[in-house]
Amino acid sequence: MTVMRNDQRIIIHFDYDCFYASVFENEDPSLKALPLAVQQKQIIVTCNYEARRRGLRKLQLIHEAKKTCPDVVIVLGEELGRFRDASKSLYKFLESFTWSGKVERLGFDEVFLDVTDLVEYNQALLNCHDLSHSFFQLKREDPTIGFSFNAAEIAGHTFPEHPPDPENPSHPQDSLPRSCTAVPKYDINDSLLLRLTLGSHLAQHLRWSMEEEKGYTSTVGISTNKLLSKLAGNLHKPKAQTTLIPPYGILADDYNETAGRESNVTLFIDSHDIGKIPGIGFKMSHSIRNHILSRPAEFDDGLIYGETKEQVTVRDVRLFPNMGPELLETLLGGAGAERGIGSKTWNLINGIDDTEVRQMKRVPTQISIEDSYMRLDTLPEVVKELRMLATSLIKRMHADLLEDDEDPDAVGLGAKRWLAHPKTLRLTTRPRPPLNADGTRTRSFNRISRSGPVPNFIFTFKESVDAIVEKLIQVAMIPMFKRLHPQQAGWNLSLLNVAVTNMVEAASEGKGGGGRDIGRMFKRQEEVLKVWRVEDRDIPPDTVFHEDEHDGDTAQVDDAVQAEPSAGSEALDAITAGSEDMMILTQNTADENGVWEEDEEDEGNMEVCHECGSVMPAFAMAAHERYHALEN
DNA sequence: CTGATTGAG
DNA sequence: GATTCTCAATCAG
């Protein structure tokens with residue numbers, strides 16, 4: 001078995017320099033000359049390089065920061081909108097250069113680009129006899145768009161620091177064992193150097209363009225996969241770039257120190273602390289370290305302020321007796337662990353990362369809003385906070401999930417449509433561990449959550465955000481909160497988070513691609529669908545419930561659904577039975593155990609519709625639900 | 001599917 | 001391991 005790295009791609013990793021601080025500097029350029037720190041709650045989340053020069057650090061407490069640097073300018077950065085906007089803008093800027101659309105954002109301030117296609121195209125264009133006067137073509141169809149560059153040199157820094165001597169190139173494959181000769185010849189390496197060189201010039205052009213046109217500087221890494229390009233970029237910052245140059249080497253079973261010296265990848269990655277490898281986080285690095293130091297967990301429990309952990313490097317791990325995918329699997333595997341974690345991790349410490357740079361994404365997979373609190377232990381307070389969070393959430397959904405309607409029919413400006421509909425709503429809290437005087441239980445899990453369907457009314461355009469929020473609070477959030485915290489009192493929360501997840505993109509909704517969605521619809525709403533087919537003529541929804549509550553979306557009934565033969569109405573019971581899910585508006589009632597209690601469902605009680613939040617008598621609810629079934 | 005965990009910036 | 005406010009992937013059940 002020979003483990004091979006695929007070095008056929010050219011991947012560029014972008015990291016915007018002290019991003020949050022740069023956003024403020026762009027808003028107010030006079031800040032550039034000052035030590036600038038961005039504050040969230042009690043800490044400095046980031047600061048510019050002038051502030052770092054004076055001793056400030058990321059994640060420093062405000063207290064210490066002011067002591068260290070009394071004249072630091074501190075700006076509040078809890079509102080993330082400006083960062084999100086800047087991040088999107090830079091992301092789109094970079095995307096505009098790619099041919100493949102392979103542009104992946106990591107957080108707000110990092111982007112991976114797969115530029116293999118641009119590089120290969122330009123490699124074919126090179127004049128081997130006059131490399132120093134080359135032209136990089138940025139558009140396939142227009143040879144005049146691009147930039148001049150010297151293909152005989154790498155742009156920016158390299159690792160190692162001195163590029164190979166073209167007069168006397170080393171061909172490390174020559175010295176590798178016979179088992180490796182099946183691997184493509186060493187001209188692949190020459191080609192790799194060339195392609196990385198092209199990548200380095202493209203990266204430099206992108207950096208310079210971004211600074212000129214957008215006002216943001218960045219530090220960049222260039223290599224053949226996401227892992228290596230990201231790590232390479234760290235070598236020189238800020239406002240710089242680093243290319244990891246060949247030989248990249250070959251990996252084999254009998255991989256050892258000697259082979260390591262032939263590979264710049266090994267030379268490079270070996271020096272990293274095991275926990276600094278992306279994908280090996282706190283837990284995994286801890287498990288690995290414990291094994292390497294052959295020390296049970298209890299030993300470093302004793303270290304209170306123990307920053308004195310011995311460093312365990314990738315090299316220490318790689319060369320440890322019996323180390324390999326199998327041992328790593330036993331070290332890292334177990335309950336909840338990702339399958340294949342052993343070989344995945346073994347690949348990482350050998351510089352192998354075959355994960356693709358993903359296509360630019362139009363919609364996020366989730367949107368969440370959270371806030372933290374010193375003390376939050378009464379329902380009215382919680383409701384107040386939920387109201388604020390839900391308001392932000394709805395606004396964010398409008399900002400991130402809404403698109404200008406370019407339907408030729410809708411000439412009227414301002415028309416919007418949903419790019420995607422989230423299907424589930426989630427509430428999570430972080431309870432503060434109840435302090436125990438007598439030893440009961442101190443087990444403090446971090447976050448707990450409950451989720452449920454997103455009510456359809458949050459997609460409407462016809463109501464104010466406040467009105468939507470109020471319904472959402474009553475119909476979904478408070479009930480969810482009571483599911484999370486069945487006890488009326490006794491909790492104290494340090495965090496609330498509201499989120500929408502499970503996005504279904506509009507294009508694939510109903511018709512066409514969303515086969516999965518249709519299948520689910522039949523499974524779960526079969527009865528409802530049957531009923532409206534039978535009954536819809538009898539009770540025209542619009543006349544009964546003229547109060548509107550239209551889904552803002554252009555909801556269209558799926559062909560398959562319409563074609564489905566109608567069935568008997570014995571399922572009417574299923575609908576009325578559904579009203580037991582209705583949450584009643586009243587609150588603050590509890591039984592003698594201090595558990596939340598729902599009001600009884602007498603006739604004449606008002607109920608709230610799950611879908612639209614309308615309040616109506618219970619007897620009207622069944623017909624009302626039929627109306628919603630029609631709508632969807 | 002839900003709810004928890006892990007890892008990333 | 002925690003601090004802030006997120007986002008994504010992946011697991012068990």
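Side chains included, hydrogens not; waters and symmetry mates left out as well; all remaining heavy atoms used. Chain letters run A, B, ... following the sequence lines, proteins first, then strands; residues in each count from 1.
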At under 4.0 Å, does any side-chain N or O of Lys283(A) touch on OP1 or OP2 of dT6(B)? yes
Quiz item: Could you walk me through whether Phe108(A) and Phe83(A) pass the ring pair (Phe, Tyr, Trp, His ring centres under 6.0 Å) check?
Solution: CA-CA 7 Å; Phe108(A) 283 167; Phe83(A) 307 132; 7.1 Å; no
**Asked** Are a donor atom and an acceptor atom from the side chains of His157(A) and Gln241(A) found within less than 3.5 Å of each other?
**Response** no
Taking a pair to mean Watson-Crick or G-U wobble geometry with both distances below 3.5 Å, dT3(C) pairs with none
So does Arg430(A) get a side-chain nitrogen or oxygen closer than 4.0 Å to the phosphate oxygens (OP1/OP2) of dC5(C)?
no
With the side chain defined as heavy atoms from C-beta on, Leu59(A) is closest, among dC7(C), dC5(C), dT3(C), to dT3(C)
Among dT4(C), dG9(B), dT10(C), the one nearest any side-chain atom of Ile43(A) is dT4(C)
Exercise. For the pair His272(A) and Phe268(A), name the ring-plane relationship: parallel under 30°, tilted 30 to 60°, perpendicular over 60°.
Key: perpendicular
### Task
For dT6(C), take OP1 and OP2 only and decide whether either is under 4.0 Å from a side-chain N or O of Arg426(A).
no
Quick note, Arg84(A) side chain, CB onward, closest among dG3(B), dC7(C), dT4(C) is dC7(C)
**OP:** Answer yes or no: is there an ion pair linking Lys239(A) with Glu211(A), defined by an N-O contact shorter than 4.0 Å?
**Re:** yes
Checking all strands, does Lys344(A) fall into the base, sugar-phosphate, or nothing category for heavy-atom contacts under 4.0 angstrom?
nothing
*Report yes if at least one side-chain N or O of Asn497(A) is closer than 4.0 Å to OP1 or OP2 of dT6(C); otherwise report no.*
no
Per atom distances to the Gln40(A) side chain, the nearest of dC5(C), dC11(C), dA8(B) is dC5(C)
_Any salt bridge linking Asp316(A) with Arg318(A)? Criterion: basic side-chain nitrogen under 4.0 Å from a carboxylate oxygen._
no
Of the candidates dA4(B), dA8(C), dC5(C), the side chain of Thr365(A) sits closest to dA8(C)
Taking dT3(C), dG3(B), dC5(C) as options, the one with an atom nearest any side-chain atom of Ser449(A) is dG3(B)
Is the phosphate of dA12(C), meaning OP1 or OP2, less than 4.0 Å from a side-chain N or O of Arg339(A)? yes
> Just checking Arg450(A): base, sugar-phosphate only, or nothing, at a heavy-atom cut-off of under 4.0 Å?
Replying inline: sugar-phosphate
Which of dA8(C), dC7(C), dT2(B) is nearest the side chain of Thr424(A)? It is dT2(B)
Of the listed dT6(C), dA8(C), dG9(B), the closest approach to the Lys230(A) side chain comes from dG9(B)
Among the nucleotides dA4(B), dC7(C), dG7(B), whichever has the atom closest to the side chain of Met284(A) is dG7(B)
Per atom distances to the Glu338(A) side chain, the nearest of dG3(B), dT4(C), dT10(C) is dT10(C)
Rounded to whole angstrom, note down the C1' distance from dG3(B) over to dT4(C). 23 Å
